[in-house]
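Each remark here refers to the structure printed beneath this line.
When reading the values below, keep in mind they use all heavy atoms of this one structure, side chains included, and skip hydrogens, waters and symmetry mates.
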Amino acid sequence: QVQLVESGGGLVQPGGSLRLSCAASGTIFSINVMGWYRQAPGKQRELVATMTNGGSTTYADSVKGRFTISTDNAKNTVILQMNSLKPEDAAVYYCNVFSRQAKGGLIRMYWGQGTQVTVSS
């Protein structure tokens with residue numbers, strides 16, 4: 001099993017910044033993709049940003065130029081730096097990881113418990 005522990009959510013004013021962190025632990029042979037999704041009330045969960053183990057990144061159009069994803073592979077950690085936050089960025093942010101528990105094993109997907117981001121004056 002893989003456990004994901006998120007931190008860094010909170011309340012911030014429009015235009016402010018937050019840094020989300022997610023650490024993966026447990027039985028991990030390799031991590032293929034780490035990323036962040038978010039879900040606002042009444043809306044579907046949506047991709048925010050992902051990064052592969054090769055360093056390729058994907059961003060939602062709505063966050064390009066404002067959010068930056070990075071990983072520390074040695075620590076199995078993914079960071080989401082969020083700048084110029086807008087009220088529409090408010091949501092529960094979920095860490096997401098695709099990993100193998102053994103060489104040649106299946107790639108499984110895991111979710112964090114979510115961390116609330118509130119953007120309000």
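Between Thr115 atom OG1 and Leu18 atom CG the span is 8.5 Å, to the nearest 0.5 Å. Distance CD1/Ile69 to OH/Tyr59: 6.0 Å, rounded to 0.5 Å. Annotation: the span from Ser99 atom OG to Ile28 atom CD1 amounts to 5.5 Å, rounded to 0.5 Å. With values rounded to the nearest 0.5 angstrom, Ser30 atom OG is found 10.5 Å from Gln101 atom CD. Annotation: the span from Asp89 atom CG to Ser62 atom OG amounts to 7.0 Å, rounded to 0.5 Å. With values rounded to the nearest 0.5 angstrom, Arg108 atom CZ is found 8.0 Å from Gln1 atom CD.
Placement of Val12 and Leu20 within a single hydrophobic cluster is found when ILVMFWY residues are connected by side-chain heavy-atom separations under 4.5 Å, directly or transitively.
The heavy-atom pair separating Cys22 from Leu4 by the smallest distance is SG-CB, 3.9 Å. Counting all heavy atoms, side chain and backbone alike, Glu6 lies closest to Gly112 at OE2-CA, 3.2 Å. Shown here for Gln81 and Ser17, the closest heavy-atom pair between the two residues is NE2-CB, 4.0 Å. The two atoms that bring Gly26 and Gln3 nearest to each other are CA-OE1, 3.7 Å, heavy atoms only. Contact between Met34 and Val97 at its shortest, heavy atoms only, is CE-CG2, 3.7 Å. Across every non-hydrogen atom of Ala49 and Leu47, the tightest pair is N-CD2, 3.8 Å.
Two residues are said to be in side-chain contact when any heavy atoms from C-beta on lie closer than 4.5 Å; Ser25 and Val5 fail this criterion. Contact check for Asn96 versus Arg45: no side-chain heavy atoms found under the 4.5 Å cut-off. Side-chain atoms of Ile31 and Asn76, non-hydrogen and from C-beta on, do get closer than 4.5 Å to each other. Residues Ser120 and Leu11 have side chains in contact (heavy-atom distance under 4.5 Å, counting atoms from C-beta outward). Between Met82 and Val117, some side-chain heavy-atom pair lies under the 4.5 Å cut-off. Looking only at side-chain heavy atoms (C-beta outward), Ile79 and Trp36 stay at 4.5 Å or farther from each other.
Side-chain atoms of Thr71 never come within 3.5 Å of backbone atoms of Asn73 as a donor-acceptor pair (strictly under, hydrogens ignored). Judged purely by atom type and a 3.5 angstrom limit, Arg66 uses its side chain to pair as donor or acceptor with the backbone of Ser84.
The environment of CD in Glu88 is crowded: more than 12 heavy-atom neighbours from other residues, nucleotides or ligands sit within 6.0 Å.
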Please evaluate residues Val119 and Lys86 with respect to the criterion side-chain contact (heavy atoms from CB on, under 4.5 Å), reporting the C-alpha separation (whole Å), side-chain torsions for both, the decisive distance (0.1 Å), and the verdict. CA-CA 6 Å; Val119 185; Lys86 304 175 180 179; 5.6 Å; no
side-chain contact (heavy atoms from CB on, under 4.5 Å) assessment of Leu85 paired with Phe67: CA-CA 9 Å; Leu85 281 159; Phe67 291 10; 3.7 Å; yes
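Exactly one of Phe98, Tyr93, Tyr37 qualifies for a ring pair (Phe, Tyr, Trp, His ring centres under 6.0 Å) with Trp111. That residue is Tyr37.
With respect to Lys64 and Asp61, a salt bridge is recorded, a charged nitrogen being found less than 4.0 Å from a carboxylate O.
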